[in-house]
Amino acid sequence: MAHREGITTETKDWSMVKASDLVQNQQVIEINGSISVEEACQILVDSNISSAPVYANGEKGHYIGMFDYGDVIAYILLVLHRNPGQTEDNDSIDLESLEIKDIVRRALEGQKVPVELASDLSRKNPFYSILQEATLISAVEIFACGTHRVSILKPDGQISGILSQSTVVRYLYENRKQFPALDDVMNKTIGQLNLGDEPVIGIDADATVLDALSLMSSQGVSSIAVLRSDRFVLGNISMTDVKHIMKANSHRLLWKTCFQFVSHIRTQQGIIDGQDRLPVFDVHKKTSLGFTIAKLLATKAHRVWVTDENHQAIGVVSLTDITRIFASLVGVEVHERRASMAVFKV
């Protein structure tokens, strides 16, 4: 039976922790819907965030959606006449809509495209909100369906903080000793929990970055593996990596190979290891859930590859998968997966 607010104040019941407690004193970055897509993207880069709420011009508190790097990818594909594709739930972008035609027309004429037109253009990151008094279970129920973040609203409708999947997973991991049920499940292997069985969506290392963005958009995923011909994982490209393309208008990177792009990113991050392959963070079927979470938190990644004894990719474990496990502990069952999840298929 799912736990609900008000049923218990048991300190060992993590689901009753107030969600707002995890975002206290958070500085919320908001974007004016009238500024350009490029300016909005720069705000994400400068603030080191992957998304931000967009409000109507002159109406702060009137939120019209979220803007994230998935929307940037959809915008790039539209302008370059690449169909952003269709998600698994058939929620496709209508290329004939007046809004979409307006975006393309403005971009091709060199005009500013206001970010309000591009907000949730990818159809993968809608604006979800919960009230300040809501508990963690309310957020976990949303995260378990594939949503990556929710806004916590004050009584006046203003945002007091934005809670992400990674923040909740970090809190539960760091405080697992207070919650015996969590501690027990984190000692189990991902194999025992039936995690890491999703097929892998990957792209050849010699394909272009533009091809990778198109694949991500058409498959409705937030990350794809960069693979050698023998399924050996050389790295991955995620939605947030598009910031390297938007920085200083480095659009030429779109026509680099995926391997060159991943190498460029690693160089920018200063993580070159001196070998002829790039560092890849992976786990195995016998890896514990706790160790898997520790790797995700240490690398600030949203997913980690599952490899076999030959170091070939056989699956992936995402933060969404992990929140589904947490949700199941309190009786919340999720029977569908949103297209925004990072699942892979070769």
Side-chain angles (χ1 to χ4, degrees), residues 1-31 47-55 60-63 65-66 68 125-187 289-290 292-294 296-298 300 302 318-334 338 340-341:
M1 176 179 176
H3 291 202
R4 299 296 176 189
E5 291 88 344
I7 291 180
T8 178
T9 55
E10 175 79 28
T11 56
K12 292 183 180 180
D13 186 356
W14 63 267
S15 67
M16 291 295 103
V17 174
K18 290 183 69 173
S20 57
D21 289 347
L22 275 62
V23 294
Q24 290 183 354
N25 303 315
Q26 185 185 81
Q27 181 183 4
V28 179
I29 305 298
E30 299 182 1
I31 296 176
S47 305
N48 194 30
I49 55 178
S50 57
S51 72
V54 178
Y55 61 90
K60 199 162 186 179
H62 176 202
Y63 301 105
M66 297 290 288
D68 69 359
N125 187 31
F127 184 89
Y128 282 99
S129 63
I130 56 177
L131 300 178
Q132 275 187 312
E133 59 268 25
T135 57
L136 275 188
I137 189 58
S138 298
V140 168
E141 284 180 314
I142 296 173
F143 292 153
C145 291
T147 298
H148 293 169
R149 57 194 61 81
V150 296
S151 298
I152 299 178
L153 298 183
K154 301 176 185 177
D156 63 2
Q158 298 281 343
I159 296 176
S160 64
I162 296 177
L163 184 65
S164 67
Q165 278 184 332
S166 56
T167 299
V168 170
V169 170
R170 178 179 292 278
Y171 171 80
L172 295 179
Y173 174 75
E174 293 178 346
N175 294 278
R176 63 193 182 280
K177 294 300 181 182
Q178 297 180 33
F179 310 114
L182 284 179
D183 199 35
D184 288 344
V185 79
M186 288 192 196
N187 287 325
L289 178 63
T292 301
I293 292 173
L296 285 167
L297 297 177
K300 297 181 179 180
H302 286 185
S318 69
L319 288 178
T320 296
D321 296 324
I322 293 169
T323 55
R324 284 169 62 92
I325 293 294
F326 293 157
S328 69
L329 295 178
V330 289
V332 176
E333 297 296 335
V334 181
R338 285 171 50 98
S340 58
M341 290 182 58

Exercise for review: Kindly indicate whether the side chain of Ile293, heavy atoms from C-beta on, has any atom under 4.5 Å from the side chain of Leu319.
Suggested key: no
Review point. Checking Thr135 side chain against Ser15 main chain: does a donor-acceptor pair fall under 3.5 Å?
Key: yes
Point to revise | Whether over 12 other heavy atoms sit under 6.0 Å from Asp156 CG | key: yes
Check your understanding: Does Arg176 make a cation-pi contact with Tyr173 (under 6.0 Å, within 45 degrees of the axis)?
Key -> yes
Exercise for review: Kindly write out the residues that satisfy side chain to side chain contact (heavy atoms under 4.5 Å, CB included) with Lys18, not counting sequence neighbours, or none if the list is empty.
Suggested key: Ser20, Asp21
Review point. Can you check side chain to side chain contact (heavy atoms under 4.5 Å, CB included) on Val23 and Ile152, steps first, answer last?
Key: CA-CA 9 Å; Val23 294; Ile152 299 178; 3.6 Å; yes
Review point. Who pairs with Lys300 by salt bridge (Lys or Arg N to Asp or Glu O under 4.0 Å), at least two apart in sequence or on another chain?
Key: none
Point to revise | Aromatic ring proximity Phe127/Tyr63, centre distance under 6.0 Å | key: yes
Point to revise | Ser318 backbone acceptor or donor facing Asp321 side chain under 3.5 Å | key: yes
Check your understanding: Between Met186 and Phe179, is any pair of side-chain heavy atoms under 4.5 Å apart?
Key -> no
Check your understanding: Are side-chain heavy atoms of Leu163 and Arg149 found at a separation under 4.5 Å?
Key -> no
Exercise for review: Measure the shortest side-chain to side-chain distance between Pro53 and Ile31 over non-hydrogen atoms and say whether it is less than 4.5 angstrom.
Suggested key: no
